[in-house]
Amino acid sequence: MACPTEILAADSAGCKRASDILSAGGLVAFPTETVYGLGGDARNTAAVARIFEAKNRPSFNPLIVHVSDIGAAADLVEWTPLADTLARAFWPGPLTLVMPQIKGGGLSPLATSELSTLAIRIPAHKAARELLKAFSGPISAPSANPSGCISPTRASHVTKGLSGKIEAVIDGGPCRVGLESTIVSLVDQPVLLRPGGLMTESIEEVLGFALEKKTTGGRITSPGQLASHYAPDSPVRLNAAEKRPGEVLLGFGDVACDLNLSPSGDLAEAASNLFCHLHELDAGNPKTIAISPIPDLGIGRPINDRLRRAARSRNHE
Ligand code: TXA
Ligand code: MG
């Protein structure tokens, strides 16, 4: 179903309009500090079904629910002291917790792909918080890109992929963090399911012990193992010392290149530029996007995670 996509300002009027659209069962993309999310009322099965349809996302891949405060989270999942510790340390922020869902919490079963667990977070972006407050209900929101493509960190990335399929997008400018949230499962022992915008080291410091790391890659056997490839249309070549004929080079640090993630070698800056630069280079349809080596430490680890996925062939699975 084609519908015109309204561009809304990231102010009170824009958030109120977005909230009204959500209440009527519509879809609104909104900025978070990580990436833009594609929001729908998590209690409305028809709205949630439209999220899967707009993204062309496989229905077995569950969505993250966004809430406004810890009380709202505790209404949906079996809250624990450990969850409380992490939530108080890092929410609002780029951390998603996976926990057993409370039966009768009112969520559409489709939002969680009928799993008994729920991925939940409180985003930090001002417009996201204002929208959650105005809507005063749980909002399902995967990244606002067609399934398998690069996540959006600008409103223009959202409209490029989803224009005509969603009612509106709130334009909140560039996303500060630029990588999706870090996902930690608290279903049993804490397990890192996806490295992301919150550094693993920061979580481990609060926990006082190391997180178990779930190995990803290869065939996807369960949700949380990242069905998407974060892939541009052009092939990607990693750890490139220099560019070869026909390539464009996405650089890092002091290198001659077409676009630079961070000329000064700052990993946080590189994270916030990553998807935007990939979108921009990909738009030129180069033969290959070559990418400089990125140090595999701190936020460099989730950057390399995304780059490895981008480099995998689309026909891999
Ligand atoms: O930063 C973010 O997390 C963004 C913003 C919009 O919040 N959202 C995002 O959503 O990246 P998405 O759908 O692109 O990625 C969510 C990941 C998927 O890999 C999904 O399989 C996993 O979370 N997931 C969702 N529910 C889960 C569950 N119950 N158990 C394990 N993994 C789950
Ligand atoms: Mg995604």
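All heavy atoms count here, side chains included; hydrogens, waters and symmetry mates do not.
Annotation for Pro31 and Ala128: closest pair O-CB, 3.4 Å, computed over non-hydrogen atoms. In terms of heavy atoms, Ala74 sits closest to Ile102 at O-CD1, 3.5 Å. Counting all heavy atoms, side chain and backbone alike, Glu204 lies closest to Ala210 at OE2-CA, 3.5 Å. The minimum heavy-atom distance linking Pro92 with Pro123 is given by the pair CB-O, 3.3 Å. Shortest non-hydrogen contact noted between Ile166 and Ala54 is CG2-CB, 4.3 Å. Between Leu76 and Pro138, the shortest heavy-atom distance links the atoms CD1-CB, 4.1 Å.
Placement of Leu281 and Leu249 in two distinct hydrophobic clusters is found when ILVMFWY residues are connected by side-chain heavy-atom separations under 4.5 Å, directly or transitively. Taking hydrophobic clusters as Ile, Leu, Val, Met, Phe, Trp and Tyr residues chained together by side-chain heavy-atom distances below 4.5 Å, Phe135 does not share a cluster with Ile120. By the rule that hydrophobic residues join a cluster once side-chain heavy atoms approach within less than 4.5 Å of another member, Val158 and Ile21 end up as members of separate clusters. Hydrophobic clustering (ILVMFWY, side-chain heavy atoms < 4.5 Å, transitive): Leu118 and Phe90 are in one cluster. One hydrophobic cluster, built from ILVMFWY side chains closer than 4.5 Å, cannot hold both Leu132 and Leu107; they sit in different ones.
Side chain of Tyr36 to main chain of Ser156: no donor-acceptor pair is present (N/O by atom type, distance under 3.5 Å, no hydrogens or angles). Remark: the backbone N or O of Leu115 is not paired with any side-chain donor or acceptor of Ser113 at under 3.5 angstrom. Remark: side-chain polar atoms of Lys126 are not paired, donor with acceptor, to backbone N or O of Ala10 under 3.5 angstrom. No donor-acceptor pair under 3.5 Å is formed between the side chain of Trp79 and the backbone N or O of Ala83. Under a 3.5 Å cut-off, the side chain of Glu269 and the backbone N or O of Ser262 do not form any donor-acceptor pair. Using a distance-only test at 3.5 Å, with no hydrogens or angles considered, a donor-acceptor pair links the side chain of Lys55 to the main chain of Asn145. Between the side chain of Ser23 and the main chain of Ser19, a donor-acceptor pair closer than 3.5 Å is present. Using a distance-only test at 3.5 Å, with no hydrogens or angles considered, a donor-acceptor pair links the side chain of Ser108 to the main chain of Leu110. When atom types are taken as modelled, the side chain of Lys214 and the backbone of Glu212 share no donor-acceptor pair closer than 3.5 angstrom.
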Q.
Checking Asp282 against Ser234 for the side chain to side chain donor-acceptor pair (under 3.5 Å) test, could you report, in this order, the C-alpha distance in whole Å, the side-chain angles of both residues, the deciding distance, and whether it holds?
A. CA-CA 6 Å; Asp282 200 32; Ser234 305; 3.0 Å; yes
Q: Decide side chain to side chain contact (heavy atoms under 4.5 Å, CB included) for Leu193 and Thr96; before the verdict, give the C-alpha distance in whole Å, the side-chain angles of both, and the deciding distance to 0.1 Å.
A: CA-CA 10 Å; Leu193 295 183; Thr96 294; over 6 Å; no
Q. Does the side chain to side chain contact (heavy atoms under 4.5 Å, CB included) test come out yes or no for Ser12 and Glu130, once each step is laid out?
A. CA-CA 7 Å; Ser12 299; Glu130 197 160 347; 2.6 Å; yes
Q.
As a quick check of understanding, evaluate side chain to side chain contact (heavy atoms under 4.5 Å, CB included) for Thr112 and Thr117, giving each step before the final call.
A. CA-CA 7 Å; Thr112 54; Thr117 55; over 6 Å; no
Q. When you look at Asp171 and Val169, which way does the side chain to side chain contact (heavy atoms under 4.5 Å, CB included) test go after all the steps?
A. CA-CA 6 Å; Asp171 186 352; Val169 51; 5.8 Å; no
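Note on Arg50 versus Glu167: salt bridge recorded, some NZ/NE/NH1/NH2 to OD/OE distance being below 4.0 Å. Salt-bridge check for Arg237 with Glu247: passed, with a basic side-chain N closer than 4.0 Å to an acidic carboxylate O. Using a 4.0 Å cut-off between charged nitrogen and carboxylate oxygen, Asp305 and Arg301 do not count as a salt-bridge pair.
Each of Asp266, Ile294, Ile303 was evaluated against Phe252; a single residue qualifies, Ile294, per the side-chain contact (heavy atoms from CB on, under 4.5 Å) test. When each of Pro142, Ser140, Ser181 is tested with Ile64 by the rule side-chain contact (heavy atoms from CB on, under 4.5 Å), just one qualifies, namely Ser181.
The shortest side-chain heavy-atom distance between Pro146 and Asn56 does not fall under the 4.5 Å cut-off. Residues Leu267 and Pro295 are in side-chain contact: their nearest non-hydrogen atoms beyond the backbone lie under 4.5 Å apart. Using a 4.5 Å cut-off on side-chain heavy atoms (C-beta onward), His277 and Asn260 make no contact.
Interatomic distance, Ser292 OG to Glu242 CD, rounded to the nearest 0.5 Å: 10.5 Å. In this structure, Glu280 CD and Leu259 CG are separated by 5.0 Å, a value rounded to the nearest 0.5 Å. Atom-to-atom distance recorded for Ile70:CD1 and Asp75:CG is 12.0 Å, nearest 0.5 angstrom. Leu86 CG to Leu95 CG: the interatomic distance, rounded to the nearest 0.5 Å, is 6.5 Å.
Looking at Arg121 and Thr32, their side chains do bring a donor and an acceptor atom within 3.5 Å of each other. Donor-acceptor pairing under 3.5 Å is recorded for the side chains of Glu180 and Ser151.
In this structure, Phe30 and His66 have perpendicular ring planes: the angle between them is above 60°, well past the 30° mark.
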